[in-house]
Protein chains: 2
Amino acid sequence: MDDIDKLNRIIQRGKPLQKGEYLYRTNDVFNAVFAIRSGAVKAISISEKGDEQVMGFHLLGEVVGMDGLAENIYNNSVIALETSSVCEIPFNRLEELSLLIPTLQRHFLLLMSREIKHDQQLIALLSKGSAEMKISTLLLNISTSNGLRHLSTNNFTLPMSRVDIGNFLGLTIETVSRIFTRLQKNKVITIDNRSISITDTSALRTASSGA
Amino acid sequence: MDDIDKLNRIIQRGKPLQKGEYLYRTNDVFNAVFAIRSGAVKAISISEKGDEQVMGFHLLGEVVGMDGLAENIYNNSVIALETSSVCEIPFNRLEELSLLIPTLQRHFLLLMSREIKHDQQLIALLSKGSAEMKISTLLLNISTSNGLRHLSTNNFTLPMSRVDIGNFLGLTIETVSRIFTRLQKNKVITIDNRSISITDTSALRTASSGA
DNA sequence: TTATCCTTTTGATCTAAATCAAACCGAAGA
DNA sequence: TCTTCGGTTTGATTTAGATCAAAAGGATAA
């Protein structure tokens, strides 16, 4: 509890981000990581050809910004998908605090290690998965993320557009749309624009691992 | 130099691994990371369906095993692609040493952060890239990795089979083979089984970023 | 040497997803 | 109210890469 007190003292509650606002941009100097307190954000990078690549979505409870640690500048830009509030965790003060709370270093390594694990699961999905597997997996990921935060696992609103989903998963918006309608036809989900209900979780799970 | 001495003391020079031997396996207890001193290894994970997914190749000078940090067990298995020797860096002693060498913690964070960056580049490639982009990029990565270690950037032997390349990049072996012959026909590379020469680096670079 | 096994290449066909094209459906403003 | 403008859906066609099939090398052993 004492530790938590110390931690709370260095955490800054930020002003909410409006939809489309940047939390940070590629090549900004790295000085903090951020915890999402409400809303949702996407991380993007810009390819050599100048087009956007969505690197990931981050929902309530997740931490972003760790990618800046290596070169001391952020690799990605992070943009709010909807009105969102974040906690800023300044990194220099965190390092100094780490000396006081030895477990904190460990926590940080854990956080990064988890990100690596997550990225690797994504690599496997993108490398092997069909369009249906990709989208089913995305939906399940959002669902379980909601579960961890005691939100509904079966009914939620997608914070991101079809464009973002397609960009993230390496699919066109048309394919994304078609897969949604197919899953609906198969009574796996119900979808109306961005609001979605999972009506058959086990079928979705089957679809996500290659029907 | 003193620091290096301390570090050298905890590093263990291991016996060489024969081709096909495991360095560690998924779910082994995590207790060390490993630096590749010679040869090459692949990291693989096994999907729910039981088939192998190649997560990456690691050549001379790279460090593997960081993925085990989060849950204290390795997420992947690592297998030698050819006779290889590795240095084992025990993690418990490294942590204790970190207290003596403050920069070491930082180095470790850097290492992980770099891995995240690397994974994210791969995600972008797998998500957006054509077969030709994927293979060109892989070749360039091996080439630049060789450059860093003062090996030839233009002539080298691929340590991995077509099967492994295809598995890693999400392509079939037939496609891998066809792309190789196409690149050869276009006078970008010369390839004879596993031995490869890059004859036109800038063309390869163009191909890797989407011709 | 031939025989066996494994990897790689090449060719013919098929298919999942991309592309091209158009219609549809809110939401925001005039 | 009508109109415009994103975002989304649906349909027709094309294509990159998968799949199916077979031949060609290369290595090891008998």
Side-chain angles (χ1 to χ4, degrees), chain A residues 18-20 40 42 51-54 79 81-83 125-139 157-186 189-196 207-208 210-211, chain B residues 18-20 42 49 51-54 79 81-83 125-139 157-186 189-196 207-208 210-211:
Chain A
Q18 295 305 310
K19 175 177 173 171
K42 65 173 172 179
D51 39 36
E52 176 175 321
Q53 159 76 33
V54 175
I79 305 178
L81 290 166
E82 56 191 42
T83 306
L125 180 68
L126 291 173
S127 165
K128 283 269 201 356
S130 65
E132 188 169 302
M133 284 172 69
K134 290 176 180 176
I135 289 182
S136 305
T137 303
L138 176 65
L139 294 180
T157 300
L158 295 174
M160 71 292 280
S161 70
R162 304 285 190 269
V163 174
D164 283 335
I165 294 175
N167 187 321
F168 177 54
L169 296 175
L171 302 170
T172 59
I173 54 172
E174 294 96 328
T175 300
V176 173
S177 178
R178 277 185 246 268
I179 299 291
F180 276 143
T181 48
R182 186 154 90 212
L183 288 173
Q184 179 159 247
K185 228 169 258 162
N186 296 343
I189 62 173
T190 307
I191 187 161
D192 178 28
N193 206 354
R194 300 228 185 154
S195 86
I196 190 164
S208 80
Chain B
Q18 295 306 310
K19 175 177 175 172
K42 64 174 173 179
K49 323 207 64 176
D51 38 37
E52 176 174 321
Q53 160 75 32
V54 175
I79 305 178
L81 289 165
E82 55 190 42
T83 306
L125 180 66
L126 291 174
S127 165
K128 282 270 202 353
S130 64
E132 189 168 301
M133 285 171 69
K134 290 175 180 177
I135 288 182
S136 304
T137 303
L138 176 65
L139 294 180
T157 300
L158 295 174
M160 71 292 280
S161 69
R162 305 285 190 271
V163 174
D164 283 335
I165 293 175
N167 186 321
F168 177 55
L169 296 174
L171 302 170
T172 59
I173 54 173
E174 293 96 327
T175 299
V176 174
S177 178
R178 278 185 246 268
I179 300 291
F180 276 141
T181 48
R182 184 155 93 213
L183 287 174
Q184 180 159 245
K185 228 168 257 161
N186 297 343
I189 62 173
T190 307
I191 188 163
D192 177 28
N193 203 355
R194 301 235 184 145
S195 88
I196 189 164
S208 80

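Below, chain A is the first sequence line, B the second, and so on; all start at residue 1.
Residue Arg162(A) contributes atom CZ, which lies 15 Å from atom P of dC25(C) at whole-angstrom precision. Computed from coordinates, the Leu169(B) CG to dA18(D) P distance equals 11 Å when rounded to whole Å. Taking atom NZ of residue Lys134(B) and atom C1' of nucleotide dA16(D), one finds them 11 Å apart after rounding to whole Å. Distance, Ile135(B) CD1 to dG17(D) P: 9 Å, rounded to whole Å. The CE atom of Met133(A) sits 15 Å away from the P atom of dA18(D) (whole-angstrom rounding). Taking atom CG of residue Leu81(A) and atom C1' of nucleotide dG7(D), one finds them 15 Å apart after rounding to whole Å. Per the geometry, CD1 belonging to Ile165(A) stands 13 Å off P belonging to dG7(D), to the nearest Å.
Every residue two or more places apart in sequence or in another chain that forms a side-chain contact (heavy atoms from CB on, under 4.5 Å) with Asp192(B) is listed here: Ser195(B). Listed by chain and number, the residues in a side-chain contact (heavy atoms from CB on, under 4.5 Å) with Glu82(B) are Ala40(B), Ser84(B), Pro159(B) (sequence neighbours excluded). For Arg194(A), the salt bridge (Lys or Arg N to Asp or Glu O under 4.0 Å) test picks out no residue, with sequence neighbours left out.
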(Q) With side chain to side chain contact (heavy atoms under 4.5 Å, CB included) as the criterion, how do Thr190(B) and Gln184(B) come out once you've worked through the C-alpha distance, each side chain's angles and the decisive distance to 0.1 Å? (A) CA-CA 5 Å; Thr190(B) 307; Gln184(B) 180 159 245; 3.6 Å; yes

Q: Start with the C-alpha distance between Asp164(A) and Glu52(A), add both sets of side-chain angles, then the distance that settles side chain to side chain contact (heavy atoms under 4.5 Å, CB included), and finish with yes or no.
A: CA-CA 10 Å; Asp164(A) 283 335; Glu52(A) 176 175 321; 4.2 Å; yes

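Proximity of Arg194(B) to the phosphate of dT8(C): a side-chain N or O atom is located under 4.0 Å from OP1 or OP2.
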Q) Could you write nucleotides 24-29 of chain D as a row of B, S and -, 5' to 3', where a protein heavy atom under 4.0 Å of any base atom gives B, of only sugar-phosphate atoms gives S, and otherwise -? A) ------

Q: Sugar-phosphate means primed atoms, P, OP1 and OP2; the rest is base. With that split, encode nucleotides 10-22 of chain C 5' to 3' as B, S or - using protein heavy atoms under 4.0 Å.
A: BBB----SSBBB-

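Only one option out of Val54(A), Leu126(A), Leu171(A) pairs with Ser127(B) in a side chain to side chain contact (heavy atoms under 4.5 Å, CB included); it is Leu126(A).
The distance from atom CG of Leu138(A) to atom NZ of Lys134(A), rounded to the nearest 0.5 Å, is 11.5 Å. Distance check, rounded to the nearest 0.5 Å: CG of Leu139(B) to CD1 of Ile189(B) gives 5.5 Å.
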Listed pairs under 3.5 Å, donor-acceptor, residues 173-180 of chain B side chains, sequence neighbours left out:
from: Thr175(B); atom 1: OG1; to: Thr172(B); atom 2: OG1; distance (Å): 3.1

